[in-house]
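Sequence lines set the chain letters: A, B, ... in the order given, protein chains first and strands last, and positions in each chain run from 1. The shown structure was predicted, so the numbers you read here are calculated from the model rather than taken from an experiment.
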There are 2 protein chains.
Amino acid sequence: MKQLHRKDLFGWSEFNQERNLDFHSVLWVRKSGNALIDPLPLSDHDLMHLQSLGGASIIIVSNSDHCRDAENIAVQTGAKIVGPAGEQENFPIDCDRWIADNEEIVPGLIAYQLEGSKTPGELALVLENSTLITGDLIRSHIAGELCLLPTAKLSDLALAHKSLARLADLPSIDTVLTGDGWPVFKHGNAALQQLLEAQMKH
Amino acid sequence: MKQLHRKDLFGWSEFNQERNLDFHSVLWVRKSGNALIDPLPLSDHDLMHLQSLGGASIIIVSNSDHCRDAENIAVQTGAKIVGPAGEQENFPIDCDRWIADNEEIVPGLIAYQLEGSKTPGELALVLENSTLITGDLIRSHIAGELCLLPTAKLSDLALAHKSLARLADLPSIDTVLTGDGWPVFKHGNAALQQLLEAQMKH
């Protein structure tokens, strides 16, 4: 796995040929149990790396299109899976817990329930006030800039804008770890503000 | 290949298990012939993508440890290979041209010859005044920050600092595309200045 912007955060990635961008997953190393977010399949090397860092006790899936290899990794690590409360009725995999808006999933990791995305109640996560981790709604197609999912995929553009505005209103966000496309490691709040401004012009 | 921060720049990457970071290569799409920098092996998908964007007419190798798949890709594309003049006598692959300090390799792409790195005359490239592309000396081990090759690998730390200072003195650099580790897409000059300050404290 790759070191991210903090010593306790790691990531692994997979190039997607259809979209010509990388998909990303995140590991947060915590004394009371490591957390994985939207985990892609792990290579043998990365699985060994994960085990050397203490395995995983919780897997957070942001939305039903980001289950990826969560079930399999839960079996390998013994981690519990948690998913978005908004999809509880039709989620494709079993979850041990359903996460609602403003819920503290583990200490220091707050869920923001997004509206208007392609799935109901997609989760974005704020880690210790400074790192935003996004699933599908907020992403990057041009390196260094954030974008939204294409409008055609959104269930409600106005609600998506409202959810974006809520995140852009968090001044202490320095890093945005996107699930899809290049992450923004510095000046994350500025990148969110720029995206919001660009969307408001449409 | 992945879109970088400009519509005419693409990259492809390979995770390195030994160092737990990605190696990167760059494609610059140009009307008068595309340029590749330190090209890693291309997947079939990326080779087709490259061909759809016009193939390649020049391959620039920054140093002898970054030859990677240059020879093979030169055969596939018909591109000429150019390498650092400082290594002309012992370069591991044939080059069609040797690049010296301040040379304009193709219009808009200027070579900076670095001193004190692990190989003589390692090249860094400045693309249209705003994008710095580095080989080995300047890299990233923690996302969002630049670092130098470990001192033990450098041939001369003081000369390496002098080369770094020269690049940090280019105010218009916004992006640093590292050969090894996470790129810095925005505020590249600030990242170079921070690295220089951190080095001066040692």
Query raised in the report: Heavy-atom distance under 4.5 Å to chain B: side chain of A/F15, backbone, both or neither?
Result: side chain
Query - For A/V184, all residues meeting side-chain contact (heavy atoms from CB on, under 4.5 Å), sequence neighbours excluded - result: A/L146, A/V176, A/A191
Report task. Go through the structure and list residues passing side-chain contact (heavy atoms from CB on, under 4.5 Å) with B/A160, not counting sequence neighbours. Result -> B/L137, B/L154
Pull every donor-acceptor pair under 3.5 angstrom between chain A and chain B and give the atom names with distances.
from	atom 1	to	atom 2	distance (Å)
A/M1	N	B/N20	OD1	3.3
A/K2	NZ	B/D22	OD2	2.6
A/Q3	O	B/W182	NE1	3.0
A/L4	O	B/A143	N	3.1
A/Q17	O	B/H45	NE2	3.4
A/N20	OD1	B/M1	N	3.3
A/N20	OD1	B/H45	NE2	2.8
A/D22	OD2	B/K2	NZ	2.6
A/H45	NE2	B/Q17	O	3.4
A/H45	NE2	B/N20	OD1	2.8
A/A143	N	B/L4	O	3.1
A/W182	NE1	B/Q3	O	3.0

Report task. Identify which part of A/L21 has an atom lying under 4.5 Å from any heavy atom of chain B, answering side chain, backbone, both or neither. Result -> backbone
